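Letters go in sequence order (proteins before strands), and every chain restarts at 1. These numbers come from a predicted model, not from an experiment. Reckoned from all heavy atoms, side chains included, excluding hydrogens, waters and symmetry mates.
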Number of protein chains: 2
Amino acid sequence: MSKNLEFTYKLRSSGLRPTRQRLKICEVLFNRDKTFHFTINDLAKDISKQLNEKISLATVYNTVHAFKNKGYLKEISINSDKNYFDTNTTSHHHFFDQDTNELIDCTDEVVETPKIKKNILGKKINSVEVLIKVATDNQNQK
Amino acid sequence: MSKNLEFTYKLRSSGLRPTRQRLKICEVLFNRDKTFHFTINDLAKDISKQLNEKISLATVYNTVHAFKNKGYLKEISINSDKNYFDTNTTSHHHFFDQDTNELIDCTDEVVETPKIKKNILGKKINSVEVLIKVATDNQNQK
DNA sequence: ATTATATATTATAATTATTCTAAACTGTTG
DNA sequence: CAACAGTTTAGAATAATTATAATATATAAT
């Protein structure tokens with residue numbers, strides 16, 4: 001299982017012990033080709049579906065936050081009731097589909113990162129991100 | 001008290017009964033020249049400071065949500081632990097100061113609304129907003 | 001003005017999401 | 001393999017928000 005070795009190395013290199021639970025969570029999160037957007041609850045459900053064993057919710061929280069702190073995940077706040085994480089940790093933009101509560105990454109073809117002409121004195125810009133909220137147009141539906 | 005009459009009219013015209021509590025909350029929220037960013041907790045505290053009487057927290061929640069639904073307030077999610085409301089209901093951009101957790105409106109001089117070159121099929125763009133996260137630059141401090 | 005009605009307020013309970021705790025367990029090092 | 005530090009776990013604790021149901025109030029009808 002070379003994927004597992006890969007994850008083991010990844011964890012170890014960032015000072016995280018490659019425990020059974022963390023490796024399982026790595027599998028679920030990083031063993032995919034597309035960017036994955038999820039809430040912690042979604043992830044916990046996914047895990048109990050995909051795996052025969054259960055991982056404690058507290059461990060899922062701990063692990064996701066550990067991964068976020070190590071830069072393997074990015075946290076995204078779109079609305080007050082859902083808190084998303086993203087496996088794409090680069091600075092990038094999003095569509096948010098208000099009908100389905102789905103979060104979709106934007107490519108450069110969709111929107112360019114806007115230029116900031118003035119900054120706040122003494123501060124450094126850490127990120128510039130665009131959020132595009134979309135929904136079905138009821139006025140104008142085919 | 002002409003301000004009060006103004007608020008009474010505003011509430012009534014949107015189908016909200018101008019109750020004592022709602023008028024007080026209007027005073028605290030809209031009787032200012034600058035845009036006001038707040039969390040519901042902040043607002044509840046402000047109210048009990050500024051006014052001699054107390055308004056139940058449930059009422060503050062109800063009222064803020066009613067005002068948001070009527071378009072008098074805008075909800076803004078920046079991070080998972082704080083949920084902000086904004087008296088500036090136009091689509092606009094923000095600085096978020098990660099040192100102080102302060103939210104600051106951007107003018108057009110700071111950043112232009114980016115153009116969206118491709119949209120998701122069958123969806124309408126409801127808003128395009130830029131969030132600029134800033135913090136003290138420790139590498140490069142004067 | 002008085003009454004009737006629908007709506008709003010309130011304290012409190014309930015719910016939800018998240019974090020804390022402390023005991024049991026496991027990965028790593030020597 | 002023994003010892004230790006880090007990790008997991010269930011459940012308790014906390015915080016934010018929403019629901020509930022009794023009481024109060026604003027408005028409309030009389």
Side-chain angles (χ1 to χ4, degrees), chain A residues 1 4-5 7-28 38-48 51-70 72-73 75-85 101, chain B residues 4-5 7-29 38-48 51-70 72-73 75-85 101:
Chain A
M1 211 168 255
N4 240 317
L5 277 178
F7 293 141
T8 300
Y9 179 75
K10 181 177 181 164
L11 288 171
R12 202 166 267 153
S13 73
S14 55
L16 294 173
R17 277 195 197 163
T19 64
R20 191 159 35 79
Q21 291 84 346
R22 285 180 180 159
L23 287 169
K24 291 287 181 189
I25 292 173
C26 277
E27 261 184 65
V28 175
F38 64 95
T39 67
I40 289 193
N41 235 313
D42 295 342
L43 178 62
K45 274 186 211 154
D46 270 32
I47 289 168
S48 55
L51 312 172
N52 27 6
E53 74 190 294
K54 282 222 152 70
I55 298 181
S56 158
L57 188 57
T59 302
V60 181
Y61 270 94
N62 286 341
T63 305
V64 167
H65 286 130
F67 285 4
K68 180 197 149 194
N69 291 335
K70 294 299 179 184
Y72 300 144
L73 292 172
E75 197 170 4
I76 298 167
S77 291
I78 268 76
N79 60 14
S80 46
D81 30 79
K82 292 218 169 198
N83 188 33
Y84 293 85
F85 289 86
N101 269 21
Chain B
N4 240 316
L5 277 176
F7 293 141
T8 299
Y9 179 75
K10 179 178 183 165
L11 288 171
R12 201 168 266 149
S13 73
S14 55
L16 293 173
R17 281 193 194 165
T19 63
R20 191 159 34 79
Q21 290 83 347
R22 285 179 179 163
L23 288 169
K24 291 287 181 188
I25 292 174
C26 276
E27 261 183 64
V28 175
L29 287 182
F38 63 94
T39 68
I40 290 194
N41 236 314
D42 294 343
L43 179 61
K45 272 186 212 155
D46 269 32
I47 290 167
S48 55
L51 313 171
N52 26 7
E53 73 190 293
K54 281 222 152 69
I55 297 181
S56 159
L57 188 57
T59 302
V60 180
Y61 270 96
N62 287 341
T63 305
V64 167
H65 285 129
F67 286 5
K68 181 198 148 191
N69 292 334
K70 294 299 178 183
Y72 300 144
L73 291 173
E75 197 169 3
I76 298 167
S77 291
I78 268 75
N79 60 13
S80 46
D81 30 80
K82 292 219 167 196
N83 188 35
Y84 292 85
F85 290 85
N101 267 23

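Residue order along DNA chain C, read from the 5' end via each residue's closest nucleotide, puts B:Gly15 first among B:Gly15 and A:Asn83. Projected onto DNA chain D by closest heavy-atom contact, A:Glu53 and A:Ser80 fall at different nucleotides, the more 5' of which corresponds to A:Glu53.
Look at CG on B:Asn79: it is 12 Å from P on C:dT18, rounded to the nearest Å. Atom CZ in A:Arg12 sits roughly 8 Å away from atom C1' in C:dT28 (whole-Å rounding). Distance, A:His65 NE2 to D:dT8 C1': 17 Å, rounded to whole Å. With rounding to whole Å, A:Arg20 atom CZ is found 7 Å from C:dT26 atom P. If you measure from atom CD of B:Gln21 to atom P of D:dA24, you get 13 Å, rounded to the nearest angstrom. Going from atom CG of B:Asn62 over to atom C1' of C:dT9 covers 8 Å, rounded to whole Å. Protein atom OH of A:Tyr61 is 13 Å distant from nucleotide atom P of C:dT16, rounded to whole Å. Between the CG atom of B:Leu57 and the P atom of C:dT12 there is a distance of 13 Å, given to the nearest Å.
Side-chain contact between A:Leu73 and A:Phe38: present, with at least one pair of heavy atoms (C-beta onward) separated by less than 4.5 Å. Between B:Ile40 and B:Asn83 there is no side-chain heavy-atom pair separated by less than 4.5 Å.
Using a 4.0 Å heavy-atom criterion, one finds that A:Ile55 contacts the sugar-phosphate atoms exclusively.
The backbone N or O of B:Pro18 lies less than 3.5 Å from no partner atom in the side chain of B:Arg12, so there is not a single donor-acceptor pair.
Under 3.5 Å, the side chain of A:Arg17 and the base of D:dA5 form at least one donor-acceptor pair of N or O atoms.
Picking from D:dA16, D:dT9, C:dG27 the nucleotide with the shortest atom distance to the side chain of A:Pro18 gives C:dG27. Residue A:Thr19 places its side chain closer to C:dG27 than to any other of C:dA11, C:dT19, C:dG27. Comparing D:dT7, C:dA17, D:dT9 against the side chain of A:Ala58 picks out D:dT9 as the nearest. If you check D:dA26, D:dT8, C:dA11 against the side chain of B:Ser56, the one that comes closest is C:dA11.
The cationic group of A:Lys10 lies under 6.0 Å from the six-membered ring centre of A:Tyr72 and within 45° of the ring axis, placing it in a cation-pi geometry.
One side chain, B:Ser80 or A:Glu75, offers a donor N or O that lies under 3.5 Å from an acceptor on the other.
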